[in-house]
Amino acid sequence: MNDDFFLRQTFQLAREGMTTNQGGPFGSLVVRDGEIVGRGYNQVTSTNDPTAHAEVVAIRDACRNLGTFQLEGCTLYASCEPCPMCLGAIYWARPSRIVYGAFHSDAAGAGFDDQFIYEELDKPREDRKIPMQQRLREEANAVFQEWVALEKRIPY
């Protein structure tokens, strides 16, 4: 089994999600040592969860199945280049590699355009479309100091 084999399975997951779950056309797998340990297809509209992208669903499934929050030694396969949210989740999960099919520009042609998010991230906070307000920094940082002092913390 090679990358193309697993990538083609993400296309099938995308089709499955589209036809049975009324989700978007995205599928994802997490594979470790040639074994599928996590599966996901887009479930945003069926679950009313804007974070239920295929990659996030697959990461949650893999972590649950493996009993860990880190996917080191795993490959994440995605039918399309991950969006900024999914890319953030992928980096937190720390798989060893990512293999994807379509470019995010291809998804834009089908009505899934995330370019505005890339543009928003490049703007200063005060110029972003959704207003952001920072408050109570010292109190917020006190929680971080408590974390640093916590003997039984699990770093990640």
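These values consider heavy atoms only, across backbone and side chains, with no hydrogens, waters or symmetry-generated copies.
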Output yes when a side-chain donor or acceptor of Asn65 lies under 3.5 Å from a complementary backbone atom of Val37, and no otherwise. yes

So do the side chains of Asp106 and Cys80 get within less than 4.5 Å of each other, counting heavy atoms only? no

Answer yes or no: is there a side-chain heavy-atom contact under 4.5 Å between Cys74 and Leu66? yes

Let me check something: do Trp92 and Ile59 share a hydrophobic cluster, defined by ILVMFWY side-chain heavy atoms less than 4.5 Å apart, either directly or through other members? no

Can you find a pair of side-chain heavy atoms, one from Ser28 and one from Leu76, that are under 4.5 Å apart? yes

Is there a side-chain contact between Thr51 and Arg60, using heavy atoms and a 4.5 Å cut-off? yes

Could you tell me if the side chain of Gln43 sits less than 4.5 Å from the side chain of Asp49, heavy atoms only? no

Straight-line distance of Glu72 CD to Arg32 CZ, nearest 0.5 Å: 11.0 Å

Please check this pair: side chain of Asn42 against backbone of Gly24, looking for a donor-acceptor N/O pair closer than 3.5 Å. yes

Report yes if some heavy atom in the side chain of Gln9 is under 4.5 Å from a heavy atom in the side chain of Ile36; otherwise report no. yes

Applying side-chain hydrogen bond (donor to acceptor under 3.5 Å, both in side chains) to Ser105 and not counting sequence neighbours gives none

Closest non-hydrogen atoms of Gly27 and Ala14, given as atom of the first, atom of the second and distance, are N-CB, 3.6 Å

When clusters are formed by joining ILVMFWY residues with side-chain heavy atoms under 4.5 Å apart, either directly or through shared neighbours, do Val99 and Tyr41 land in the same one? yes

I'd like to check Arg64 versus Asp61 (side-chain heavy atoms, cut-off strictly below 4.5 Å). Are they in contact? yes

So which heavy atom on Gly34 is nearest to which on Phe6, and how close? O-CZ, 3.6 Å

Do Leu87 and Leu71 sit in the same hydrophobic cluster, where Ile, Leu, Val, Met, Phe, Trp and Tyr count as joined when their side-chain heavy atoms come under 4.5 Å apart? yes

Salt bridge (charged side-chain N to carboxylate O under 4.0 Å, His left out) pairs touching residues 1-24, sequence neighbours excluded, are Asp3-Arg97

When every non-hydrogen atom of Ala89 is compared with those of Val56, the smallest separation belongs to CB-CG2, 4.1 Å

Hydrophobic clustering (ILVMFWY, side-chain heavy atoms < 4.5 Å, transitive) - are Ile98 and Leu29 grouped together? no

side-chain contact (heavy atoms from CB on, under 4.5 Å) for Trp147 and Arg153? Distances and angles first, verdict last. CA-CA 7 Å; Trp147 166 257; Arg153 75 177 183 269; 3.3 Å; yes

Using a 4.5 Å cut-off on heavy atoms from C-beta on, say whether the side chain of Val31 contacts that of Tyr77. yes

Between Ala78 and Leu7, which heavy-atom pair has the shortest distance, and what is it? O-CD1, 3.3 Å

Measuring from atom CZ of Arg125 to atom CE of Met132, what distance do you get when rounded to the nearest 0.5 angstrom? 6.0 Å

Could you report the tightest heavy-atom contact between Pro82 and Glu55, atom names first, then the distance? CA-OE2, 3.6 Å

According to ring-ring contact (aromatic ring centres under 6.0 Å, His included), who are the partners of Tyr118, at least two apart in sequence or on a separate chain? His104

What is the minimum heavy-atom distance between Pro25 and Phe112, and which atoms define it? CD-CZ, 3.3 Å

According to the interplanar angle, ranging from 0 to 90°, do the rings of Tyr156 and Phe69 count as parallel (below 30°), tilted (30 to 60°) or perpendicular (above 60°)? perpendicular

Determine whether Val57 and Val44 fall in the same hydrophobic cluster, where Ile, Leu, Val, Met, Phe, Trp and Tyr are linked whenever their side-chain heavy atoms lie under 4.5 Å apart. no

Using a cut-off of 6.0 Å, state whether more than 12 heavy atoms not belonging to Lys129 lie near its atom NZ. no

First locate atom CD of Glu81, then atom OH of Tyr100, and finally report the distance between them rounded to the nearest 0.5 Å. 4.0 Å

Quick one: does any side-chain atom of Asp114 pair with a main-chain N or O of Ile117 as donor and acceptor, under 3.5 Å? no

